[in-house]
Amino acid sequence: MYIEFVIADNFLLTFLAGAAAARLCHKHVNIFRLLTASAIGTVVAVFYPFFTVHVVLQIVIKVALGITLCVIMYVKTPRFITSSLLFFGCTFTFAGACYALWYAVGGTGAAAKYLGECPLFLTLGVGAVVFLGVEYVVKRLRLARAAAPYVYRTEVEIFKQVLSFDAFLDTGNCVFDDRTGLPVVITDLGLFTYKLDAMSSAEFIKRVDRFRKRRIVTAAGEADIFILRPDRITVYSDKRKHKINAVLGLAVKGFASRGHEMLLNGSALTEGV
């Protein structure tokens with residue numbers, strides 16, 4: 001096994017594990033700290049095979065090294081203990097992902113051969129995939145947390161049925177009905193009809209030719225919508241309900257809701273929500 005593989009593998013995998021743990025706990029990653037910890041961990045890894053000590057002492061050395069690396073990477077940062085535990089978890093995840101890959105390819109024999117004979121540099125590919133997976137999860141979680149204060153359960157009573165939506169307070173929705181002057185809350189036509197029961201669906205089909213249709217432009221895009229006047233629209237927040245005076249717009253196609261079931265018009269919220 002080439003010493004270059006050991007150096008590259010340990011340095012890059014330590015860096016990836018440290019960065020993944022930092023991303024899970026912090027918005028920013030201190031690259032200098034990660035580089036320093038990776039360099040120290042790599043130096044110890046290069047000389048580690050020459051240590052002829054009892055197995056218990058070997059474990060103590062590994063744990064002490066891990067704690068030292070965590071101190072270098074995360075000391076004086078928020079959630080130091082959580083970051084450190086996640087660093088150990090990411091390290092085990094990288095190793096487990098490599099073993100699982102080779103076990104799936106050739107069973108226990110192939111996995112054991114890989115761990116015993118193959119250059120460690122091959123683990124970088126798996127490490128990179130795991131790191132990208134962590135990055136994706138972090139972005140999705142932070143997007144959800146960022147949107148959470150602006151998402152409200154909203155009920156629409158129409159055709160003698162109450163439909164429930166997770167509605168997003170969209171500042172880009174400035175659409176008003178030309179005829180009534182009321183603000184428009186927008187949802188997808190397919191989603192709306194999916195929520196209807198059999199009787200309501202029949203009523204919708206019977207009246208569909210009477211609904212007005214118009215073209216709208218919002219920050220989310222352009223779309224053709226049907227304008228409906230529901231019996232009631234209620235927005236819930238802080239265990240309170242707010243009845244709003246608005247009409248319902250059903251987007252036919254070409255409308256990007258950014259993953260939300262409904263886009264609320266801020267002008268419709270006459271009470272503090």
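As the structure is a prediction and not an experimental result, all values here were calculated from the model.
Qualifying side chain to side chain donor-acceptor pair (under 3.5 Å) partners for Thr180, counting only residues two or more places apart in sequence or in other chains: Asp177. For Asp197, the side chain to side chain donor-acceptor pair (under 3.5 Å) partners are Ser200, not counting sequence neighbours. Under the side chain to side chain contact (heavy atoms under 4.5 Å, CB included) criterion, Glu203 pairs with Phe159, Lys206, Arg207, not counting sequence neighbours.
Of the inter-residue distances, the one linking Phe15 atom CZ with Met73 atom CE reads 10.5 Å to the nearest 0.5 angstrom. Rounding to the nearest 0.5 Å gives a distance of 8.0 Å between CD1 of Ile244 and OG1 of Thr234. To the nearest 0.5 angstrom, Ser201 atom OG is 11.5 Å from Tyr194 atom OH. For the atom pair CG of Leu34 and CZ of Phe11, the computed distance is 9.5 Å after rounding to the nearest 0.5 Å. In this structure, CZ on Phe211 lies 10.0 Å from CG on Leu189, to the nearest 0.5 angstrom. Rounding to the nearest 0.5 Å places CG of Leu250 at 8.5 Å from CG of Asp188.
Shown are Lys241, Arg153, Glu155; of these, the side-chain hydrogen bond (donor to acceptor under 3.5 Å, both in side chains) with Tyr236 is made only by Glu155.
Contact detail for Val156 and Pro230: the closest heavy-atom pair is CG1-CB, 3.8 Å. A pairwise comparison of heavy atoms in Leu69 and Phe87 identifies CD1-CZ, 4.3 Å as the closest pair.
Without hydrogens or angle criteria, Arg33 side chain to Ile72 main chain gives a donor-acceptor distance under 3.5 Å. A donor-acceptor contact shorter than 3.5 Å links the side chain of Asn265 to the backbone of Val175. When atom types are taken as modelled, the side chain of Thr154 and the backbone of Phe165 share no donor-acceptor pair closer than 3.5 angstrom. Here the side chain of Tyr74 pairs no donor or acceptor atom with the backbone of Thr82 at under 3.5 angstrom. Put simply, the side chain of Gln161 gets close to the backbone of Lys195: a donor and an acceptor are under 3.5 Å apart. Judged by distance alone, with hydrogens and angles left aside, the side-chain atoms of Thr193 form a donor-acceptor pair with the main-chain N or O of Gly190 at under 3.5 Å.
A heavy-atom distance below 4.5 Å is found between the side chains of Leu264 and Val235. With a 4.5 Å cut-off on side-chain heavy atoms, Arg232 and Val162 count as touching.
The hydrophobic clustering, which links ILVMFWY residues whose side-chain heavy atoms are closer than 4.5 Å, places Met199 and Leu163 apart. Residues Phe176 and Val184 fall into different hydrophobic clusters, defined by Ile, Leu, Val, Met, Phe, Trp and Tyr side chains chained together at heavy-atom separations under 4.5 Å.
Heavy-atom neighbours of Arg179 CZ from other residues, nucleotides or ligands within 6.0 Å: at or below the threshold of 12.
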**Request:** For Leu182 and Arg229, run side-chain contact (heavy atoms from CB on, under 4.5 Å): C-alpha distance rounded to whole Å, both residues' side-chain angles, the deciding distance at 0.1 Å, then the answer.
**Result:** CA-CA 10 Å; Leu182 294 175; Arg229 184 67 186 268; 3.6 Å; yes
**Message:** Let's go through Phe80 and Val71 carefully: what are the C-alpha distance in whole Å and the side-chain angles of both, what is the deciding distance for side-chain contact (heavy atoms from CB on, under 4.5 Å) to 0.1 Å, and is it a yes or a no?
**Reply:** CA-CA 8 Å; Phe80 167 75; Val71 170; 4.0 Å; yes
